[in-house]
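Okay, structure first, notes after.
These numbers come from a predicted model, not from an experiment. Quick note on labels: first sequence line is chain A, next is B, and so on, each numbered from 1. For the numbers below, each heavy atom of this structure counts, side chains included, while hydrogens, waters and symmetry mates do not.
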There are 2 protein chains.
Amino acid sequence: MLEKYTIGTLSRESGVNLETIRYYEKISLLNKPERSGNGYRHYNESAIKRLRFIRRGRELGFGIAEIKTLLELADHPEHPCKEADQLAQTHLTEVETKIKDLLAMQEVLTKIVACQSHSAEHCRLIETLNQRSCCN
Amino acid sequence: MLEKYTIGTLSRESGVNLETIRYYEKISLLNKPERSGNGYRHYNESAIKRLRFIRRGRELGFGIAEIKTLLELADHPEHPCKEADQLAQTHLTEVETKIKDLLAMQEVLTKIVACQSHSAEHCRLIETLNQRSCCN
DNA sequence: CTTGACCCTGTAGTAACTACAGGCTTTATG
DNA sequence: CATAAAGCCTGTAGTTACTACAGGGTCAAG
């Protein structure tokens with residue numbers, strides 16, 4: 001009753017790719033599971049929760065190392081939250097930096113796309129990359 | 001007079017890391033330069049232009065493969081611009097997708113950071129990852 | 001003449017997977 | 001009952017775009 005999921009089932013339940021689960025085990029993000037006589041991995045409910053935790057962390061853009069720390073903290077509810085707060089703050093700043101960079105790219109690309117050109121000689125994208133003046 | 005830059009000078013002039021220049025050569029993004037007797041690479045003005053073109057492309061977020069295509073197009077001004085327009089459009093869409101994803105992350109992270117917690121048990125980030133209800 | 005700056009090749013490491021190759025086991029179907 | 005499909009196993013290599021050495025040669029200045 002306790003170890004009722006095979007890796008395929010766990011993959012479906014958690015939304016994490018099967019090969020990714022084995023990868024997480026290899027890098028010690030997940031504990032090694034029990035094995036049945038045939039060598040198959042078997043998991044329980046807590047593995048699902050853990051994997052979902054990891055998946056949500058990845059969806060928020062945290063790296064594996066950060067998630068490892070967060071799993072540690074989640075396992076010790078008495079610990080201060082300071083470290084997690086710090087991770088969130090730092091990560092938020094990184095995300096905002098990336099947004100800023102992408103918005104700058106978007107602005108240039110939008111201008112380029114807005115103007116149809118005919119030949120490579122007067123192609124806006126290529127002109128931009130050559131840093132010659134653009135069609136405005 | 002023609003081949004007057006060493007790789008270090010080229011690096012400074014183009015704003016591209018020296019090791020990256022050698023890497024670009026290895027993956028055939030840059031042509032192999034002349035070598036002087038001692039085996040040193042020597043470059044001319046056109047190499048600077050080409051590297052700057054590449055750098056600007058990278059700054060706009062294009063991948064190496066796309067830049068390779070764009071360099072081809074830039075070398076053939078009589079070619080239609082259609083392919084470049086297409087690349088720009090596709091890339092713009094990718095950039096906008098990334099922005100959307102990052103904005104979603106930012107929104108969640110901002111909420112998490114806004115609320116100071118004390119212990120991991122009531123830590124907003126960890127609660128979010130556990131998908132228990134948050135402090136609002 | 002030696003020290004520091006510059007150049008060379010080639011390999012390995014980074015992040016987080018993904019994709020096989022090659023080979024078992026288990027389950028479903030005829 | 002045989003066989004085929006689905007599922008599992010290990011281990012390695014590939015992806016992107018660099019970056020960081022290790023180990024070694026060359027060149028200019030004091």
Atom [atom1] of [X] to atom [atom2] of [N]: distance rounded to whole Å?
X	N	atom1	atom2	result
A:E25	D:dC9	CD	C1'	11 Å
B:E34	C:dC8	CD	P	14 Å
B:Y40	C:dC7	OH	C1'	4 Å
A:H42	D:dG7	NE2	C1'	11 Å
B:R55	D:dA17	CZ	C1'	16 Å
B:I54	D:dA17	CD1	C1'	13 Å
B:Y43	C:dC7	OH	C1'	11 Å
A:R12	D:dC8	CZ	P	7 Å

Distance-only donor-acceptor check, side chains A:T9 and A:T6, under 3.5 Å: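 A pair is found: one side chain offers a donor N or O, the other an acceptor, under 3.5 Å apart.
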B:Y43 and B:E34 side chains, donor-acceptor separation under 3.5 Å: no
Under 3.5 Å donor-acceptor, A:E107 side chain and A:A104 backbone: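 No, the answer is negative, given that no donor and acceptor are paired below the 3.5 Å cut-off.
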Approximate separation, where rounding is to 0.5 Å, of A:L109 CG and B:E94 CD: 10.0 Å
Nearest-0.5 Å distance that lies between atom OH in A:Y23 and atom CG in A:L30: 11.5 Å
Residue from B:K98, B:H91, B:E96 passing side chain to side chain donor-acceptor pair (under 3.5 Å) with A:Q106: B:E96
Quick one: is [N] close enough that its OP1 or OP2 comes under 4.0 Å of any side-chain N or O from [X]?
X	N	result
A:N38	D:dC9	no
B:Y24	D:dC18	yes
B:R41	C:dT9	yes
B:R58	D:dC18	yes
B:R35	C:dC7	no

Sugar-phosphate, base or nothing in reach of A:L18, heavy atoms under 4.0 Å: sugar-phosphate
Using nucleotides 18-22 of chain C, report all nitrogen or oxygen pairs with the protein that are shorter than 3.5 Å.
from: C:dT18; atom 1: OP2; to: A:T20; atom 2: OG1; distance (Å): 2.9
from: C:dC20; atom 1: N4; to: A:E19; atom 2: OE1; distance (Å): 3.2

Test side-chain contact (heavy atoms from CB on, under 4.5 Å) applied to B:I7 and B:R12, B:E19, B:R22, the passing residue: B:R22
